[in-house]
Amino acid sequence: MRQRMLKAQLDLSVPCPHTQDFEPCMGPGCLDDDTATCMMSEWISWSPCSKSCGMGMRSRERYIQKYPEDGSVCTLPTQGSEKCVVNDECSSNTCFVTEWGEWGECSASCGLGTKSRHRVVKMHPSDGSMCKVDTIQLEECGMPDCQTIPCMLTLWSDWSDCSVTCGIGMRARRRMLKTPAEVGACNEELEQVEKCMLPECPTDCMVSEWSEWSECNKSCGRGHMIRTRMVKLEPQFGGASCPETIQRKKCKVRKCSRRQGDEKRRRKEAPERQRIKEMRGEPRIPEHTGIQVPEEASWS
């Protein structure tokens with residue numbers, strides 16, 4: 001709604017135009033149809049700026065508290081991002097500071113009070129000079145008149161520790177009634193819960209089970225056989241590294257005969273003998289394959 005004031009009416013026979021104008025509006029998370037309403041939580045606090053000096057980006061999240069009753073899909077965004085500037089300029093006398101934190105609660109539960117926000121010096125100037133930046137900001141805040149509040153509440157407590165030591169968890173804060181209120185007279189929430197994000201949890205390397213041992217690589221004498229396993233998941237965020245993925249062990253099938261040993265040695269030396277013959281210009285003669293031809297039978 002908007003209004004305007006009547007300054008003067010020169011001609012009483014002519015009616016004045018309307019002095020009030022109304023326009024429909026919807027709060028966040030609401031749609032025209034009640035059955036299609038998608039209820040969203042409050043935004044979680046902004047993440048730290050991606051840059052420690054100059055312009056970067058920061059993000060925040062919220063989640064769906066209630067899906068539409070008509071089964072339609074929630075189209076409201078659950079993530080938001082914006083630009084952020086931590087230090088306007090980066091030089092040897094630049095004082096590196098964090099981004100401003102969220103505004104604290106108003107110091108007064110009703111009437112006029114103050115609220116503050118803080119930031120921390122991350123690194124002093126490299127030239128040894130002192131930081132000349134403010135690390136605290138104050139701002140006046142106005143709460144409803146004390147006479148109109150049906151119940152008096154304390155300030156919100158500090159946020160509790162995150163419910164997890166890494167990854168995404170939950171944290172809560174509470175406040176209490178200062179004075180007893182009549183039943184149903186105080187509808188203010190006394191507890192708030194929100195998500196909290198800590199560094200990602202370390203993920204160790206995961207490998208499959210060992211395969212069966214392979215056949216021995218020798219048909220006689222001493223050899224070796226192997227078995228392997230596969231890497232199913234590489235380590236992440238400082239997790240334990242992968243163990244060995246291949247193992248070998250000795251194997252001995254049977255003792256090789258002398259003839260087999262001589263045959264192996266002859267085959268191993270055959271390429272060198274052939275190379276020497278070619279250098280001498282002798283014709284290439286196929287190596288003996290080791291096939292025995294039976295002797296001719298005697299005449300009958």
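Nothing fancy with the numbering, it's 1 onward along the sequence.
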S.K.: Is the shortest side-chain heavy-atom distance between Thr228 and Thr245 below 4.5 Å?
M.R.: no
S.K.: Keeping the roles fixed (side chain from Ser160, backbone from Ala172), state whether a donor-acceptor pair exists under 3.5 Å.
M.R.: yes
S.K.: Do Pro68 and Cys38 come within less than 4.5 Å of each other through their side chains, counting heavy atoms only?
M.R.: yes
S.K.: Please name the pair of heavy atoms, one in Pro243 and one in Val207, separated by the smallest distance, quoted to 0.1 Å.
M.R.: CD-CG1, 4.0 Å
S.K.: Is there a side-chain contact between Cys242 and Glu234 (heavy atoms, below 4.5 Å)?
M.R.: yes
S.K.: Asp204 and Ala240: which non-hydrogen atoms are nearest, and at how many Å?
M.R.: OD1-N, 2.8 Å
S.K.: Are Met40 and Ile64 side-chain neighbours, meaning at least one heavy-atom pair lies under 4.5 Å?
M.R.: yes
S.K.: Kindly give the heavy-atom pair with the smallest separation between Leu198 and Val164, and that separation in Å.
M.R.: CD1-O, 3.1 Å
S.K.: Do NZ/NE/NH1/NH2 and the carboxylate oxygens of Arg58 and Glu82 come within less than 4.0 Å?
M.R.: yes
S.K.: With rounding to the nearest 0.5 angstrom, report the SG to CG distance, Cys106 to Leu112.
M.R.: 7.5 Å
S.K.: Just jot down the salt bridge (Lys or Arg N to Asp or Glu O under 4.0 Å) partners of Arg174, sequence neighbours excluded, or say none.
M.R.: Glu191
S.K.: Is the shortest side-chain N to carboxylate O distance from Glu188 to Arg175 below 4.0 Å?
M.R.: yes
S.K.: Tell me whether the count of non-hydrogen atoms from other residues, nucleotides or ligands lying under 6.0 Å of CD in Gln247 goes above 12.
M.R.: yes
S.K.: Which residues pass the salt bridge (Lys or Arg N to Asp or Glu O under 4.0 Å) test with Lys195, sequence neighbours left out?
M.R.: none
S.K.: Is Arg119 reaching over with its side chain to a backbone N or O of Gln137, donor-acceptor style, under 3.5 angstrom?
M.R.: no
S.K.: Locate the shortest heavy-atom distance separating Gly56 from Ser50; write the atom from each residue and the value.
M.R.: CA-OG, 3.5 Å
S.K.: Any heavy-atom pair between the side chains of Lys250 and His224 that's under 4.5 Å?
M.R.: no
S.K.: So which atom in Ser41 and which in Arg62 form the shortest heavy-atom distance, rounded to 0.1 Å?
M.R.: OG-CB, 3.6 Å
S.K.: Glu200: what forms a salt bridge (Lys or Arg N to Asp or Glu O under 4.0 Å) with it, not counting sequence neighbours?
M.R.: none
S.K.: For Asn217, look at atom CG and say whether over 12 heavy atoms of other residues, nucleotides or ligands are found less than 6.0 Å away.
M.R.: yes
S.K.: Apply salt bridge (charged side-chain N to carboxylate O under 4.0 Å, His left out) to residues Arg173 and Glu105 and explain how you reach the verdict.
M.R.: CA-CA 12 Å; Arg173 65 176 181 175; Glu105 296 292 331; 3.4 Å; yes
S.K.: Given 3.5 Å as the limit, does a donor-acceptor pair link the side chain of Asp134 with the main chain of Ile136, or not?
M.R.: no
S.K.: Got more than 12 heavy atoms from elsewhere within 6.0 Å of CE, Met57?
M.R.: yes
S.K.: To check you understand the geometry: which heavy-atom pair defines the closest contact between Pro235 and Ser241, and what is its length?
M.R.: CG-CA, 4.2 Å
S.K.: Take Met39 and Tyr67 through the test side chain to side chain contact (heavy atoms under 4.5 Å, CB included) and record every step on the way to the result.
M.R.: CA-CA 7 Å; Met39 300 298 294; Tyr67 286 89; over 6 Å; no
S.K.: Do Arg171 and Glu194 meet the salt-bridge criterion of a basic N to acidic O distance under 4.0 Å?
M.R.: yes
S.K.: Do the side chains of Cys205 and Val231 get nearer than 4.5 Å, heavy atoms only?
M.R.: yes
S.K.: Please determine whether residues Leu190 and Trp156 belong to a single hydrophobic cluster, defined as Ile, Leu, Val, Met, Phe, Trp and Tyr linked transitively by side-chain heavy-atom distances below 4.5 Å.
M.R.: no
S.K.: Might you confirm whether atom CZ of Arg222 has over 12 heavy atoms from other residues, nucleotides or ligands at distances under 6.0 Å?
M.R.: no
S.K.: Between Ser59 and Ser47, is there a side-chain heavy-atom distance shorter than 4.5 Å?
M.R.: yes
S.K.: Taking Thr114's backbone N and O only, do any of them form a donor-acceptor pair with Ser107's side chain (distance below 3.5 Å, no angle check)?
M.R.: yes
S.K.: For Glu42, is the CD atom crowded, meaning more than 12 foreign heavy atoms sit under 6.0 Å from it?
M.R.: no
S.K.: Can we say Glu209 and Arg227 salt-bridge, meaning some charged N sits less than 4.0 Å from an Asp/Glu carboxylate O?
M.R.: no
